[in-house]
Amino acid sequence: MQGFIKKLKTMLKVDFTRMFTMPLIYVMAGVSFAMPILILVMTSMMGGAEDGGVTFTSVWQAISSVGVESGAGMSMDLTTMCNMNLTYFLIAVLVCVFTAQDFRSGYAKNLFTVRSKKVDYVFSKTLVCFTGGAIMILAYFIGAMLGGAVAGLPFTMEGFNAGGVIACMFAKIFLVAVFVSIFLTFAVIAKQRTWLSILLAIGVGAFMFMMIPMMTPLNANFIHVIMTLAGGALFAVGLGAVCNVILNKTSLV
């Protein structure tokens with residue numbers, strides 16, 4: 001156990017260094033920050049429902065929707081689709097490109113020549129990509145607050161409170177672990193074929209897209225946080241084991 005922890009710490013140090021010395025994470029965080037500003041400002045310029053358009057009536061709609069008994073955010077309109085949940089698609093790009101670079105550059109092959117076990121690589125990549133995803137979620141939140149202020153949207157809370165927003169944000173961050181585990185599995189399968197891993201990841205992400213508002217509503221509570229935290233841990237361990245098997249049973253090219 002101590003040997004695994006020591007190897008994992010070494011891998012984490014290497015992966016964190018690689019991530020934060022690559023332009024990729026800064027580009028994706030920048031896109032996450034700019035996206036809500038553009039969405040809120042542009043939709044506010046389109047006019048409201050009285051002009052025949054659909055626009056945001058509150059800054060918080062750019063974060064998530066309010067959960068109701070029949071299901072949170074199940075209506076397919078602009079305000080429930082163009083919100084923070086889009087960030088999970090950007091996270092797919094981050095995970096797939098970052099992982100594919102390992103195989104394309106020969107880093108993974110050199111690494112696995114020295115290390116016979118792949119499990120430390122898998123868990124390190126999961127934790128590092130989770131951190132990158134969490135940064136993107138927070139960047140989107142900051143951008144939404146700024147974009148809402150520029151667009152002149154109200155910050156009033158109807159049907160939820162500040163505690164619900166905080167729980168919503170924690171739930172969204174913990175949910176990143178679920179998606180990172182899924183995206184990493186596809187990235188390990190596709191290896192250096194970035195286009196294939198992104199295609200698979202976004203396809204599954206689109207299939208799961210309508211589940212996100214139900215798990216992370218604006219009026220979230222402690223149960224939502226615990227469920228997403230537990231789900232993230234289970235997916236990380238379960239799909240991490242799957243990735244380990246794939247790396248052990250398949251070619252590295």
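We number each residue from 1, following the sequence as shown. All values below come from the heavy atoms of this structure, side chains included, with hydrogens, waters and symmetry mates left out.
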Validation: residues 12-21 side-chain donor-acceptor distances under 3.5 Å, sequence neighbours left out:
from: Asp15; atom 1: OD1; to: Lys125; atom 2: NZ; distance (Å): 3.2
from: Asp15; atom 1: OD2; to: Ser124; atom 2: OG; distance (Å): 2.7
from: Thr17; atom 1: OG1; to: Lys13; atom 2: O; distance (Å): 2.7
from: Arg18; atom 1: NH1; to: Asp102; atom 2: OD1; distance (Å): 2.7
from: Arg18; atom 1: NH2; to: Asp102; atom 2: OD1; distance (Å): 2.8
from: Thr21; atom 1: OG1; to: Thr17; atom 2: O; distance (Å): 2.6
from: Thr21; atom 1: OG1; to: Arg18; atom 2: O; distance (Å): 3.2

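- As a member of the Ile/Leu/Val/Met/Phe/Trp/Tyr network built from side-chain separations under 4.5 Å, Met227 groups with Ile223.
- With a 4.5 Å cut-off between side-chain heavy atoms of Ile, Leu, Val, Met, Phe, Trp and Tyr, the cluster of Val225 takes in Ile166, Phe170, Phe174, Leu229.
- Annotation: side-chain hydrogen bond (donor to acceptor under 3.5 Å, both in side chains) contacts of Thr194 (sequence neighbours excluded): Arg104.
- Atom-to-atom distance recorded for Ile246:CD1 and Ile189:CD1 is 4.0 Å, nearest 0.5 angstrom.
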Which donor-acceptor pairs under 3.5 Å do the side chains of residues 27-35 make with protein atoms, sequence neighbours left out?
from: Ser32; atom 1: OG; to: Met28; atom 2: O; distance (Å): 2.8

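- Aromatic ring orientation, Trp60 versus Phe141: tilted (interplanar angle from 30° to 60°).
- Applying the side chain to side chain donor-acceptor pair (under 3.5 Å) test to every pair with at least one member in residues 131-145, sequence neighbours left out, gives no pairs at all.
- Residue pairs that meet the side chain to side chain donor-acceptor pair (under 3.5 Å) test with at least one member in residues 156-166, sequence neighbours left out, do not exist here.
- Sorted by first then second residue, the side chain to side chain donor-acceptor pair (under 3.5 Å) pairs that include residues 86-99, not counting sequence neighbours, number zero.
- Judged as a side chain to side chain donor-acceptor pair (under 3.5 Å), the pairs with a partner in residues 205-218 (not counting sequence neighbours) are, in order, Lys172-Thr216.
- The side chain to side chain contact (heavy atoms under 4.5 Å, CB included) check on Ile173 picks up Phe130, Ala134, Ile137, Leu138, with sequence neighbours excluded.
- Not counting sequence neighbours, the partners of Cys96 by the side chain to side chain contact (heavy atoms under 4.5 Å, CB included) test are Ser197, Ile198, Ala201.
- Remark: Phe89 pairs with Leu86, Ile202, Ala206, Phe209 by the side chain to side chain contact (heavy atoms under 4.5 Å, CB included) rule, at least two apart or across chains.
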